[in-house]
Amino acid sequence: MKKRVAFAMTAVGLAAATAAHAQSSVTLYGIVDNAIAWQNNSSGTGATSGGHSKVQMATGIWAGSRFGLKGSEDLGGGTKAIFQLEAGFNANNGTSQWSQGGGIFTRQAWVGMTNPTYGTLTAGRQYTAYYTLLSPYSPTTWLTGYYGAHPGDIDSLDTSYRANNSIVYMSPKFYGFTVGGSYSLGGVAGSFNRGSTWSAAIQYLNGPAGIAVGYQRVNNSSLGGGAWGANSTVQNGLNTAGTNGVEPAVSSINNGYQFAQSQQRVAVTAGYQFTPAWDISVSYSNVQYIPGTLSGFKNTAIFNTAGAVLHWKAAPQWDFAAGYSYTAATQSNGVSSAAKYHQVTVSQYYSLSKRTGLYAVEAYQHASGNTITPTGGIVAATTSIGDGVGAGSKQNQIAVGVGLIHRF
């Protein structure tokens with residue numbers, strides 16, 4: 001009898017331990033993406049690069065190479081504790097990407113709580129509400145951010161846009177609507193607003209159709225006296241500066257406005273699934289750079305961008321996409337012929353398996369008109385395809401990438 005009781009107690013204990021273990025989960029995941037890239041009209045210096053073409057190895061063209069941990073713990077009543085740690089790396093040389101101050105998990109590092117009734121609240125380094133709710137119809141979904149982001153990723157619709165010291169709330173879906181908001185603390189002594197970032201967005205999904213509207217404002221801590229990132233919470237992985245790390249994307253498109261006191265973005269994205277094989281997405285954004293007392297420009301600079309992407313799933317293994325975007329600056333700061341940018345991007349993807357694929361992406365951009373330098377001088381506008389190719393030294397640029405991606 002004692003043996004039976006002991007066996008029963010052991011079985012109950014094991015069952016309880018198994019149940020407790022089932023309430024928590026941790027997942028290791030990652031992506032390795034490598035490609036060969038070619039571009040003409042490179043802006044580099046020297047006889048071998050300035051204005052000439054170049055061929056190079058490129059990592060993360062289709063999706064940034066990364067590894068990460070994400071997990072949850074059931075706290076009861078439908079509430080879960082959740083976390084995510086994600087590090088980027090260069091698959092060509094093994095070095096860390098998106099690193100700031102020797103950081104590791106600089107793609108994402110946050111912890112929070114979620115409940116199906118009340119929504120999700122997270123804190124740490126993460127995407128803003130603006131990006132999260134607009135992203136389902138971002139131009140980068142099938143065209144990649146590397147080649148397909150709007151010129152210079154000026155409207156921050158690519159995944160490289162994250163915010164430090166950030167608190168984000170996402171509501172549960174209610175009659176197709178999801179509402180989100182985020183605030184990133186600047187941490188500047190004597191001012192709650194300086195160096196901060198905040199955003200709000202709303203998304204509606206109903207069957208094959210969806211639309212999202214978002215607003216985001218970045219406040220430079222230096223009041224127009226220093227480049228983005230001097231204390232700014234918003235970050236893009238292309239450049240590093242300042243105490244809080246990486247600054248928003250700086251390219252030839254907006255180089256003259258990098259000493260803005262603040263910048264704000266309003267964007268709308270939408271999409272429609274015609275058939276299982278065909279879908280389309282469209283986007284519009286308005287970006288404003290607001291000067292400070294020490295800025296090299298004196299009047300608010302405005303960029304408007306409109307674009308569309310058509311995606312075709314030709315077969316279970318094949319996906320094709322084509323997109324076009326048009327970016328136009330308004331006349332300001334002494335520029336009478338404002339800069340304009342036309343960009344065309346196409347992509348092809350072949351699935352070798354659920355986790356592995358071959359891809360190719362091609363892009364062309366034409367720039368015209370004039371823009372300004374950081375000190376206010378007027379110069380001819382030059383190209384900057386997507387957010388990965390880099391600036392060209394002339395007004396026409398072509399870029400091509402062919403690569404292999406594996407997910408685990």
Side-chain angles (χ1 to χ4, degrees), residues 100 128-131 150-157 160-167 181-201 214-236 238-267 285-305 327-335 338-339 370-379 381 384 387:
Q100 55 174 92
T128 64
Y130 167 92
Y131 170 76
H150 292 154
D153 192 27
I154 193 169
D155 45 18
S156 301
L157 292 179
S160 57
Y161 208 71
R162 302 166 179 84
N164 279 345
N165 314 315
S166 181
I167 299 172
S182 61
Y183 188 86
S184 306
L185 285 75
V188 178
S191 176
F192 182 77
N193 187 54
R194 288 171 58 188
S196 65
T197 298
W198 68 273
S199 74
Y215 173 86
Q216 182 162 270
R217 185 178 178 95
V218 181
N219 298 303
N220 188 351
S221 66
S222 61
L223 297 179
W228 302 324
N231 252 335
S232 176
T233 50
V234 172
Q235 310 196 347
N236 180 288
L238 302 182
N239 305 280
T240 59
T243 57
N244 266 345
V246 190
E247 57 197 40
V250 179
S251 69
S252 61
I253 312 298
N254 59 7
N255 181 56
Y257 307 102
Q258 62 177 290
F259 293 92
Q261 173 180 291
S262 58
Q263 50 181 296
Q264 65 182 32
R265 294 167 173 81
V266 178
S285 66
N286 176 279
V287 180
Q288 299 187 19
Y289 298 97
I290 303 167
T293 57
L294 299 180
S295 300
F297 63 105
K298 302 304 178 184
N299 308 115
T300 297
I302 302 173
F303 290 79
N304 291 288
T305 301
T327 299
T330 59
Q331 293 182 5
S332 64
N333 298 291
V335 178
N370 297 317
T371 186
I372 67 170
T373 67
T375 57
I378 298 177
V379 295
S384 183
D387 68 2

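Closest approach of Ser182 to Ser166, counting heavy atoms only: CB-OG, 4.3 Å. When all heavy atoms of Ala267 and Tyr130 are compared, the closest pair comes out as CB-OH, 3.5 Å. The minimum heavy-atom distance between Pro291 and Lys298, with the atom names listed, is CG-O, 3.4 Å. Of all the heavy atoms in Ala129 and Ser199, the pair that sits closest is N-OG, 3.3 Å.
For the pair Ser196/Tyr183, a side-chain contact is recorded, criterion being any heavy-atom separation below 4.5 Å from C-beta on. In this structure the side chain of Thr300 never reaches within 4.5 angstrom of the side chain of Gln264, judged on heavy atoms. Side-chain contact check for Tyr257 versus Asn333: some heavy-atom pair is nearer than 4.5 Å. With contacts defined as side-chain heavy-atom distances shorter than 4.5 Å, the pair Phe303/Tyr289 qualifies. The closest side-chain heavy-atom distance from Asn304 to Thr330 is below 4.5 Å.
In this structure, Phe297 CZ and Ile290 CD1 are separated by 8.5 Å, a value rounded to the nearest 0.5 Å. Atom CD in Gln216 sits 10.5 Å away from atom CG in Asp155 (nearest 0.5 Å). To the nearest 0.5 angstrom, Asn219 atom CG is 8.0 Å from Gln261 atom CD. Rounding to the nearest 0.5 Å gives a distance of 8.5 Å between OG of Ser251 and CG of Asp153.
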Problem - side-chain contact (heavy atoms from CB on, under 4.5 Å) evaluation trace for Asn165 with Thr197 - result: CA-CA 10 Å; Asn165 314 315; Thr197 298; over 6 Å; no
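Between Thr375 and Thr373, the side chains place a donor N or O and an acceptor N or O closer than 3.5 Å (distance only, hydrogens not considered). For Arg265 and Ser285, the side-chain atoms include no donor-acceptor pair closer than 3.5 Å.
Although no hydrogens or angles enter the test, the distance criterion places a donor-acceptor pair under 3.5 Å between the side chain of Ser295 and the main chain of Phe259.
Among Thr371, Ile372, Val250, the one residue that satisfies the side-chain contact (heavy atoms from CB on, under 4.5 Å) test with Asn255 is Val250. Partner of His150 under the side-chain contact (heavy atoms from CB on, under 4.5 Å) criterion, chosen from Ile253, Asp387, Leu157, Val287: Leu157.
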